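Everything on this sheet refers to the single structure shown next.
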Amino acid sequence: MSMHIGDSPEEAAFRAEVRAWLSQHAAPRSDDGGNWHDDLHAHSIACKKWQRVLFNNGWAGISWPKQFGGRGGSHLQESIFNEEQAKFETHTGLFAVSLGMVGPTLMAHGTPEQQEVFLPKMLSGEHVWCQLFSEPNAGSDLANVATRAIEDGDDFIVNGQKVWTSMGQFADYGILLTRTEPDAPKHKGITYFIVDMKTPGIEVRPLVQMTGVAHFNEVFLTDVRIPKANIVGGLHGGWAVANTTLTSERGFIGGGSSSWSVDELIDFARERGLDKDPVVRGKLAECYARAQTLTYLGYRLRTAASNRTMPGPEMFVMKLAYAQHWSRTMDVAMEIAGAHGMISGDAAGDAMHWQHNLLGQFAIRLGGGTNEVQQNIIGERGLGLPREPSVDRDQPWRSLAKG
Amino acid sequence: MSMHIGDSPEEAAFRAEVRAWLSQHAAPRSDDGGNWHDDLHAHSIACKKWQRVLFNNGWAGISWPKQFGGRGGSHLQESIFNEEQAKFETHTGLFAVSLGMVGPTLMAHGTPEQQEVFLPKMLSGEHVWCQLFSEPNAGSDLANVATRAIEDGDDFIVNGQKVWTSMGQFADYGILLTRTEPDAPKHKGITYFIVDMKTPGIEVRPLVQMTGVAHFNEVFLTDVRIPKANIVGGLHGGWAVANTTLTSERGFIGGGSSSWSVDELIDFARERGLDKDPVVRGKLAECYARAQTLTYLGYRLRTAASNRTMPGPEMFVMKLAYAQHWSRTMDVAMEIAGAHGMISGDAAGDAMHWQHNLLGQFAIRLGGGTNEVQQNIIGERGLGLPREPSVDRDQPWRSLAKG
Amino acid sequence: MNFDLSDEQQVISDLAAQIFSGQSTVERVIEVESGDGFDRTLWNELAKAGLLGLCLPEEHSGLNMNMVELALVLEQQGKTVASVPLWSTSIGSMAVAEYGSKDVRSSLLPAVVEGKNVVALALANYGANDVMNPSVTATDTDGGVKLSGGKPAVSFAQHASHVLVSAKRADDSIVLALVDLKAPGVTITPVEASNRQPTANIEFDVTVPATHIVAGLEGNGREALRWVHEHALVGLCALQLGISQGAIGIMSDHVKTRTQFNKPLSAQQAVAVRAADQFVTTEAIRVTTLNAAWRMSEGFDARQDVLVAMYWATEGGHSIVIACQHLHGGIGADISYPVHRYFLWGIQISTELGGASQHLSRLGKLIASR
Amino acid sequence: MNFDLSDEQQVISDLAAQIFSGQSTVERVIEVESGDGFDRTLWNELAKAGLLGLCLPEEHSGLNMNMVELALVLEQQGKTVASVPLWSTSIGSMAVAEYGSKDVRSSLLPAVVEGKNVVALALANYGANDVMNPSVTATDTDGGVKLSGGKPAVSFAQHASHVLVSAKRADDSIVLALVDLKAPGVTITPVEASNRQPTANIEFDVTVPATHIVAGLEGNGREALRWVHEHALVGLCALQLGISQGAIGIMSDHVKTRTQFNKPLSAQQAVAVRAADQFVTTEAIRVTTLNAAWRMSEGFDARQDVLVAMYWATEGGHSIVIACQHLHGGIGADISYPVHRYFLWGIQISTELGGASQHLSRLGKLIASR
């Protein structure tokens with residue numbers, strides 16, 4: 001098959017079909033990138049509504065096998081759909097965890113019953129999922145989770161605290177990492193559960209961020225009872241399952257559609273009378289170059305996803321490049337914004353949009369593992385550097401100092 | 001005493017005196033920064049000649065006490081002298097190690113006899129000194145030196161290999177770090193010697209660098225006999241003495257006069273017709289800002305040297321800022337040079353000067369400890385971060401794996 | 001040559017440190033933030049200590065000091081992100097003392113020293129924001145100057161008694177006017193600022209009496225605006241110096257105590273190195289700010305020096321607060337944790353009165369056209 | 001959509017890898033460096049494998065491939081810093097094949113494929129070096145064009161049979177001429193290049209017959225020069241991609257094996273992170289270079305794509321070779337250790353045909369004036 005960087009005739013036809021359908025079912029994207037930041041609740045309702053439209057029209061889970069209610073299409077088709085969808089005023093963020101992370105994990109590791117019960121309702125938008133992974137002392141070092149799950153008859157009883165649970169306040173189900181064997185080394189005593197968020201003992205507390213909204217939550221678990229049937233990947237076998245979830249997350253964060261584009265930034269510079277400034281032009285060019293690069297890195301990932309199993313360090317490269325691109329572009333945007341860059345609220349106009357994204361950069365830098373975690377993985381997988389000597393890999397988790 | 005950023009009236013008078021003397025004894029600096037890189041031998045002769053002129057006129061060792069043959073002046077006066085001297089076509093590099101590192105070390109740790117024998121001839125330029133510290137497996141980790149010194153009557157017999165010995169091919173004496181107690185922890189079994197470079201068993205092999213010259217040397221020591229009287233700082237007490245030497249080196253590298261200036265870079269841009277290019281102007285401005293910053297960091301160090309003992313992290317800050325400034329400026333210079341930047345030799349004209357400095361940046365980045373070593377020290381002393389956990393601090397040196 | 005603070009300067013710095021760290025605790029900052037955004041208790045303490053008249057003439061009850069001392073005090077404010085209009089009040093009142101008529105000086109300054117008058121600064125402009133090219137227009141009238149037009153993002157406008165505003169006549173000459181914010185024809189529209197300080201846009205349709213035209217009646221408007229601009233910039237640098245130190249302090253504590261992979265973050269790959277780089281940049285802000293403030297205090301031309309300091313305060317300060325925020329990981333995103341305020345202030349100061357490119361452009365022009 | 005190489009492209013890449021890594025060992029590079037700087041043995045191998053006619057038409061014994069395949073081969077050259085004039089000969093002969101008269105094609109190309117003719121490229125200019133504004137002047141004469149003026153730093157000029165040179169008429173129209181380097185009126189002055197490849201300045205005072213005016217007789221000079229320029233730039237990107245990988249490979253081996261403080265360098269603070277960043281940048285060079293080469297091969301407008309790739313090849317390539325050199329510590333300064341050649345080549349390519357700012361300026365103009 002020869003190299004082809006762009007749509008093949010079949011892909012172009014698919015794209016045209018998608019665009020035609022979208023233009024009938026959604027409004028064109030507004031200038032401010034769909035400024036839904038301010039009202040998460042309204043956003044969540046819009047997401048559910050749109051997911052239902054997708055599902056009813058056969059566009060939900062484009063790359064998912066038909067047996068799970070998907071369209072049975074290719075990853076490439078899904079990417080094309082997402083690209084086109086981003087040009088319309090559509091709301092999708094509520095299902096990022098469900099479709100991007102939980103779905104692939106359950107397809108890979110779930111029992112047939114779990115797949116049958118949960119996957120279709122994920123696609124239809126009936127169930128919203130959240131991720132209960134990070135803890136106050138288990139961030140980059142996720143394998144350090146301390147939330148305890150203790151066997152009790154046909155159930156486990158769970159106690160602990162989770163943080164950075166995106167959209168947790170809207171979730172029906174969660175995927176949950178727990179410690180079930182404290183005397184095993186830390187990677188080997190973890191169990192992965194599906195948990196119904198309405199189970200007694202679960203309290204979700206929103207965390208307000210700099211942007212003024214509470215995208216993330218703390219989740220407290222007190223004597224939460226979960227049936228054994230909800231274990232994914234076997235008792236103490238949760239680490240491998242978590243890795244499937246995380247790999248999906250990194251791909252999502254690296255390749256997700258943005259709330260902004262370099263074209264919009266160029267327009268912004270033009271409105272501010274700076275598009276002829278040679279220094280600003282050079283900076284816009286750098287942003288453009290980075291955006292193009294991400295496009296091609298994305299093309300390469302798609303090719304890999306179509307032709308083979310998931311590649312080595314490419315996904316981590318993409319995620320790092322994306323975080324850099326986001327942060328650099330926002331710096332340029334704030335320079336262009338000038339005094340306007342300091343004002344929030346309606347008075348700020350377009351500048352507000354960029355400020356939101358500036359403040360939002362840390363979710364990109366930190367989600368799916370910090371930049372530093374990615375860099376270490378690239379060092380190992382891309383350059384063959386030895387893993388950083390670890391003092392805690394083989395010791396019982398219980399014996400490690402807790403931070 | 002009130003803040004005064006610049007010469008006081010007394011200092012201005014001293015500067016005028018210095019300038020008057022210099023203009024009688026030296027030619028103004030040429031445009032290419034005194035392009036002595038090509039002929040080290042001629043350079044070494046010119047250095048000796050100039051040092052003798054300084055000595056005969058009472059300008060050698062301005063801040064050295066009179067008892068050691070110095071002028072008994074202040075550090076500030078010495079800085080003023082160096083600043084003015086840099087505006088003239090003077091050669092001084094050969095004595096950088098002698099005066100900048102060995103002198104201060106012997107004044108602090110030498111025996112009265114060592115001080116009496118060596119210091120005056122250092123000042124007069126009769127003796128050239130070199131540093132025999134680094135080894136193939138002891139670079140950043142200098143305390144890992146493996147060159148062995150074994151007691152034999154009134155002498156020690158030394159075997160080993162040293163590298164990166166600056167100007168070693170011209171040196172009369174060297175300061176030498178050796179391992180005298182392999183069973184002690186690595187910092188505690190090191191002895192610091194003065195060695196006559198004409199002692200049998202010393203072989204100096206020049207290392208040609210990218211610039212085409214051999215500023216550095218490898219030095220092989222085979223059964224080299226050194227009298228015990230040449231120990232500085234006591235048997236096994238060499239590490240503290242070495243630290244005095246290194247601190248002096250960092251100050252020298254951070255504050256030494258450069259072979260280039262931002263003014264020259266601006267002139268270069270003007271010659272190339274790029275001084276009105278807004279992007280180039282912005283880059284020149286950044287270089288200028290960095291240069292000014294180094295000036296004030298230097299002022300602060302001088303103030304500290306005049307008023308108190310040597311400060312905490314300031315010297316390391318200066319060295320890092322200097323390395324960054326050098327490297328950034330050379331990047332800008334090569335952009336300005338364009339196609340000329342790729343040509344060496346006479347045909348290159350001014351571009352050659354900048355290319356030399358581009359290639360020379362690694363000496364600045366690595367001399368006196370790599371940037372990373374400085375950053376770790378700043379982390380400890382500036383921010384109070386705990387020292388990186390060391391696996392080898394307290395174990396016998398002999399038991400450590402050798403790289 | 002002496003780069004050290006004098007004993008007197010050290011006293012001022014210590015006094016300011018004591019007041020700000022004593023009064024403006026994290027709890028207090030949160031309390032003020034949830035109120036009207038002006039810490040009046042702290043403001044009164046500063047007045048009592050004489051710090052509101054630090055650089056004002058003795059005849060108006062001031063301490064007659066200069067920009068270095070003010071920088072030392074603003075540095076301490078930045079360290080605690082205390083919400084008081086010290087920067088604008090100090091710079092604005094200094095401009096009045098330097099250029100204003102006897103009338104305006106006597107009416108404004110003693111009340112500033114007592115903490116009763118608060119001055120806002122309206123130097124930034126709508127559009128491409130060239131401070132030397134004001135967007136408010138000035139028209140001479142009988143006995144005064146009429147101002148028309150708007151100024152964006154004036155901090156503390158809603159709490160100030162006066163605003164020092166720059167305006168431009170049709171012939172491009174410049175006027176600096178001290179406007180009473182209660183005067184009819186002044187419209188204040190509060191806006192949200194990123195750093196959550198009280199901030200408003202102001203529209204002017206007002207005639208200012210000649211007594212309150214601080215500069216520009218006698219052709220000295222441009223020079224006076226440049227003077228105010230340079231002092232304002234150095235004030236921002238000093239604030240940013242404090243903000244950088246505050247952010248680095250919180251970050252250092254975090255990386256020392258936060259354990260991941262069974263060792264402190266500061267012992268993880270790259271964390272210590274990145275932290276050290278922020279320290280180096282802070283030192284660059286420090287020495288260049290002190291130098292610019294000192295040259296100004298001595299009456300030397302400080303144009304290039306101010307731009308050098310501003311380069312570090314914008315480019316460097318920006319990267320410091322981003323790094324400190326980043327090194328906190330998820331914890332930093334929680335706004336009940338204090339580091340984010342330093343991030344917001346740092347970003348704000350990096351854009352207030354122009355970003356790094358703008359300062360480098362001006363500096364480049366100065367040095368390349370020598 | 002397919003970003004993978006085709007089987008045929010993979011074969012070309014493997015073949016090139018085998019030839020370059022087999023022939024151009026570190027020892028051989030040193031040997032060639034101490035001789036005349038042209039590895040003729042390797043050149044003959046490349047000819048035998050057909051790689052010198054890779055992108056030339058079949059009628060002239062070429063393989064009729066295009067820029068992607070050439071990029072794959074140049075990447076392998078970069079990895080081994082092999083000293084052969086593959087870049088200039090390929091681009092120069094491709095330009096002749098694309099624009100040249102039948103006469104010049106038949107006389108030049110078959111001998112290029114056989115390895116007998118070597119083509120140099122004289123695109124850079126004295127002064128501010130705008131490639132589209134040649135410093136050699138062209139004057140039409142009877143039956144040809146007279147060239148006057150000089151070109152700096154032409155690599156392999158002293159070993160080439162021909163040079164493709166850009167020149168400008170008084171009316172600003174452009175001429176591309178293939179000049180016989182043995183012709184009277186051509187003066188070759190060898191100069192030292194930073195990357196130690198044979199290089200010379202050339203002075204022209206020569207009349208080129210119309211048959212050897214490759215473009216510009218019929219008003220297509222500017223278009224042809226742009227074509228050559230873009231192809232030459234992508235060729236440089238591909239070389240830089242190889243150089244970056246070579247440098248990173250040596251650096252990785254070093255930090256894995258070099259022990260300091262009783263553990264490998266790669267486990268020291270910041271080393272692994274910095275190494276990883278270089279990998280990310282190399283991947284950026286790779287995907288943008290492949291994209292630009294592919295678009296060119298397909299005949300699409302690739303102006304912006306070439307500049308994006310050049311941005312990474314210059315800015316990114318430059319920082320990669322500096323980081324790799326730096327991470328070697330003192331060892332890298334010893335020129336008997338191979339990493340410094342990658343540094344020198346990387347620096348050279350970063351300045352050849354303009355630095356990063358120049359490419360960003362052009363790109364900025366294109367995207368902002370849409």
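Just so it is clear, the model here is predicted, and its values are computed rather than measured. In what follows, chains are A, B, ... by sequence order, proteins preceding strands, each numbered from 1.
Remark: B:Arg328 does not engage B:Asp331 in a salt bridge, criterion side-chain N to carboxylate O under 4.0 Å. Ion pairing between B:Arg302 and B:Glu83 holds under the 4.0 Å rule for side-chain N and carboxylate O. Note on B:Lys283 versus B:Glu286: no salt bridge recorded, every NZ/NE/NH1/NH2 to OD/OE distance being 4.0 Å or above.
Contact annotation for C:Arg362: neither backbone nor side-chain heavy atoms come within less than 4.5 Å of a heavy atom of chain B. Of the two parts of B:Glu11, only the side chain, counted from C-beta on, holds a non-hydrogen atom closer than 4.5 Å to a non-hydrogen atom of chain C. Residue contact with chain B, scored on non-hydrogen atoms closer than 4.5 Å, is absent for C:Glu315. Heavy-atom distances place both the backbone and the side chain of C:Leu290 under 4.5 Å from chain B. Of the atoms belonging to B:Leu383, heavy atoms from both backbone and side chain fall under 4.5 Å from chain C.
Heavy-atom pairs under 4.5 Å with chain C peak, among B:Ile80, B:Asp7, B:Leu320, B:Leu297, at B:Leu297. With chain B as the partner, the residue from C:Asp253, C:Thr281, C:Asp277 showing the most heavy-atom pairs under 4.5 Å is C:Asp277. Interface remark: of the candidates C:Ile248, C:Thr282, C:Val280, C:Val280 forms the most heavy-atom pairs closer than 4.5 Å to chain B. Among B:Gly384, B:Pro278, B:Cys287, the residue making the largest number of heavy-atom pairs under 4.5 Å with chain C is B:Gly384. With chain B as partner, the option from C:Val308, C:Val68, C:Leu363, C:Asn291 having the largest number of non-hydrogen pairs under 4.5 angstrom is C:Asn291.
For C:Asp301, the CG atom sits in a packed shell: over 12 heavy atoms of surrounding residues, nucleotides or ligands are nearer than 6.0 Å.
A cation-pi contact links B:Arg71 to B:Trp59, judged by a cut-off of 6.0 Å to the six-membered ring centre and 45° from its axis.
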**Report entry** side chain to side chain donor-acceptor pair (under 3.5 Å) between B:Tyr288 and C:Gln304, worked out
**Finding:** CA-CA 10 Å; B:Tyr288 175 83; C:Gln304 297 185 13; 2.5 Å; yes
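Taking CD1 of B:Ile62 as the start and CD of B:Gln77 as the end, the distance is 7.5 Å to the nearest 0.5 Å.
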